[in-house]
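Notes follow the structure.
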Amino acid sequence: MRLNMFINGEWVSSINKETREIINPFNQEVIATVAEGSREDAKQAIVAARKTFDEGTWSTTPASERGEIVRKIGELILQEKEELARLETLDTGKTIEESRADMDDISNVFFYFAGLADKDGGELIESPIPHSTSKIVREPIGVCGQITPWNYPLLQAAWKLAPALASGNTLVLKPSEITPLTSVKVFELFEQAGVPKGVANLVLGAGAEVGAELAENTDVDLISFTGGIETGKTIMQAASTNVKKVALELGGKNPNIVFADADFDVAVDQALNAVFFHAGQVCSAGSRLLVEESIHDQFVEALVKRTKQIKLGNGFDDSTQSGPLISAEHRAKVEGYVEVGLKEGAQLVVGGGRPEQAELQNGFFYLPTIFTGCTSEMRIVQEEVFGPVLTVETFKTKEEAVKKANDTIYGLAGAVFTKDIDKAEDVARQLRMGTVWINDFHPYFAQAPWGGYKQSGFGRELGKIGFEEYTEVKHVYRNTKPEAVNWFS
Ligand SMILES: NC(=O)c1ccc[n+]([C@@H]2O[C@H](COP(=O)([O-])OP(=O)(O)OC[C@H]3O[C@@H](n4cnc5c(N)ncnc54)[C@H](O)[C@@H]3O)[C@@H](O)[C@H]2O)c1
Ligand SMILES: C[N+](C)(C)CC=O
């Protein structure tokens, strides 16, 4: 499979003719050869987006028409669901069941923002000044640079593409260089849906090359980034060239608080789901378990028993529950954190190495791993591992649980399990995080905003606010009885 970039309505190879091989993390087979863009390709895409926004008609197309095109994209994604899911599993190693669920979520995101496209007609406000009128209107920001990670390639792209298109912006998307397949496919669907030439552009390539150009270029009006915290800091600095707007969706080290009065079996099952779903390669993974001291031993015993039964394998095998990590480099990072945990004195109770099955040896597999005896001071408790590694801490009181839960630089998501709903709501109120789940873990949907407190980033995706993030707010004031003011008479 040979795939190109989409710039100004044309499928093009990179100016320097460079290419990159894309591999399947399950067996390291080459699944595609794609164009490898450079800064020059990014500049061409930005010029196209700039010219289209400034001279084209997309931003002035009736919002209802834009909404219909965005809705059509959602319909085409559903029609192509199986092919998109296949590509996503090939690219990431996640199970085909997860990929299918992602595609349902993604089509819903396009449907949701299609519906919002023409709903904000602005508002009239009561001017305090006689003989005047005031109205507040929202307008598209302009050229949007969009940079996405490898763990949910099309889902994280959809969270940016759909609102940007629905609100009348033009855009340049740079997906992760290691998982571009579904982003390329969705741009084919953009063409079919009638997205005008130059409105949406796709550049493939390395972050420090193509991504950096998007962040620095003074013809870009907003940079929306989803990825790691260090990259986010780099992008923040780069964006200062023209004081462009910045939206950052960064990492997390997400606490999962389990009180003794929780439904035990539900809490055990959800704790597994929280940290081992998609091999822990989830920004909101519940990788920090905080369990009330009185149930700790029983809870850990139940967790370990279930963890040993998790079936690793090929994402296309329906019996597989967890796939490989994305790359050898990422597995090495996870292995490094396991070493750190051991050196810090955490107790390894399950996992902590690579599986031995012959059929898994060509993939970047790592066993689901649990450490007990952890404390807030440990690096393995403070830092995002982004793999199938759970740390377990204990607490005696609600106050201690909240203090420990809030005690990292992150603030993306967290959960609390208890049958005492007043206690749950009180904990939810005190957690410094963008999402708090009560007696559940992981649900997210188009209607609810997503984003972080503290160093998990700023800005929100999804929800009405996710649409507004792609607009500027303008106050239009009219004097209905113009006369000289004679200030300098
Ligand atoms: N908050 C969220 O919603 C969310 C969702 C998914 C993933 N994430 C986070 O993403 C991270 C994992 O993804 P990753 O490994 O792809 O992150 P990453 O930061 O390594 O890369 C993310 C994207 O940034 C690009 N990039 C890299 N260096 C760049 C630079 N100097 N300038 C511009 N772009 C650059 C990459 O090419 C990629 O497209 C984790 O920290 C995870 O928590 C957050
Ligand atoms: C899809 N999401 C944002 C919940 C998790 C991303 O890693």
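Numbering of ligands and ligand atoms starts at 1, following listing order.
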Which ligand 1 atoms are under 4.0 Å away from a heavy-atom of Gly228?
10 (O), 11 (C), 17 (O), 18 (P), 19 (O), 41 (O)
Which pair of heavy atoms, one from Leu312 and one from Pro355, lies closest together, and at what distance?
CD1-CG, 4.0 Å
Heavy-atom side-chain proximity of Ile257 to Phe417 below 4.5 angstrom:
no
Heavy atoms only, cut-off 4.0 Å: how does Trp159 contact ligand 2, side chain, backbone, both, or neither?
side chain
For atom 20 (O) of ligand 1, which protein heavy atom lies nearest, and how many Å away is it?
Thr231 OG1, 4.0 Å
For atom 32 (N) of ligand 1, tell me which residue out of Gly451, Ala413, Gly207, Pro180 has the closest non-hydrogen atom.
Gly207
Does the protein place any heavy atom closer than 4.0 Å to atom 41 (O) of ligand 1?
yes
Backbone or side chain, does any N or O of Pro149 fall under 3.5 Å from an N or O of ligand 1?
no
Looking at Thr148, which atoms of ligand 1 are within less than 4.0 Å of one of its heavy atoms?
23 (C), 38 (C), 39 (O)
I need the atoms of ligand 1 closer than 4.0 Å to a non-hydrogen atom of Glu177, numbered in the order shown.
36 (C), 37 (O)
If we only count heavy atoms from C-beta on, is the Phe364 to His330 side-chain gap below 4.5 Å?
no
Is there any N or O on Ser456 that sits under 3.5 Å from an N or O of ligand 1?
no
For Thr95 and Gln321, does a side-chain donor sit closer than 3.5 Å to a side-chain acceptor?
no
Does the residue Tyr152 have a heavy-atom contact with ligand 1, meaning some pair of atoms that are separated by less than 4.0 Å?
no
Among protein heavy atoms, which sits nearest to atom 44 (C) of ligand 1, and what does the distance come to when rounded to 0.1 Å?
Leu250 O, 3.2 Å
Kindly indicate, with the supporting measurements, whether the criterion ring-ring contact (aromatic ring centres under 6.0 Å, His included) is fulfilled by Phe113 and Trp159.
CA-CA 9 Å; Phe113 285 110; Trp159 289 15; 9.6 Å; no
Which ligand 1 atoms, with their elements, are less than 4.0 angstrom from a heavy-atom of Phe386?
12 (C), 40 (C), 42 (C), 43 (O)
Note: ligand 1 atoms sitting under 4.0 Å from heavy atoms of Trp450 are 2 (C), 3 (O)
Under 4.0 Å from one or more heavy atoms of Tyr444, ligand 2 contributes atoms 1 (C), 4 (C)
Do any nitrogen or oxygen atoms of Asn151 come within less than 3.5 Å of a nitrogen or oxygen of ligand 2?
yes
Which ligand 1 atoms, with their elements, are less than 4.0 angstrom from a heavy-atom of Asn151?
6 (C), 7 (C)
Tyr152 six-ring centre to Lys94 NZ/CZ under 6.0 Å and within 45° of normal
yes
Quick one: which of Glu249, Gln156, Lys333, Gln281 has a heavy atom closest to atom 5 (C) of ligand 1?
Gln156
Salt-bridge present (Lys160, Glu461; N to O < 4.0 Å):
yes
Would you mind checking which non-hydrogen protein atom is closest to atom 24 (O) of ligand 1, with the distance to 0.1 Å?
Phe225 CE1, 3.1 Å
Min N/O separation Cys283 to ligand 2 under 3.5 Å:
yes
So do the side chains of Lys245 and Glu472 get within less than 4.5 Å of each other, counting heavy atoms only?
yes
Taking non-hydrogen atoms only, is Gln156 closer than 4.0 angstrom to ligand 2 via side chain, backbone, both or neither?
side chain
Over 60° means perpendicular and under 30° means parallel, so classify the ring planes of Phe277 and His442, tilted if in between.
tilted
Students often mix this up, so state it plainly: with edges at 30° and 60°, are the rings of Trp450 and Trp437 parallel, tilted or perpendicular?
tilted
Looking at ligand 1, is there an atom of it that comes within less than 4.0 Å of some heavy atom belonging to Pro175?
yes
Just jot down the ligand 1 atoms closer than 4.0 angstrom to any heavy atom of Trp150, in number order.
13 (O), 14 (P), 15 (O), 16 (O)
With a cut-off of 4.0 Å, which atoms of ligand 2 are near a heavy atom of Val282?
5 (C), 7 (O)
State the OG-CD1 distance between Ser322 and Ile310, to the nearest 0.5 angstrom.
7.0 Å
Please list, in number order, the atoms of ligand 1 under 4.0 Å from a heavy atom of Ala212.
32 (N), 33 (C)
Just to be sure I read this right, does ligand 1 sit under 4.0 Å from the backbone of Ile147, its side chain, both, or neither, counting only heavy atoms?
side chain
Answer yes or no: does an N/O atom from Lys174 fall short of 3.5 Å to an N/O atom of ligand 1?
yes
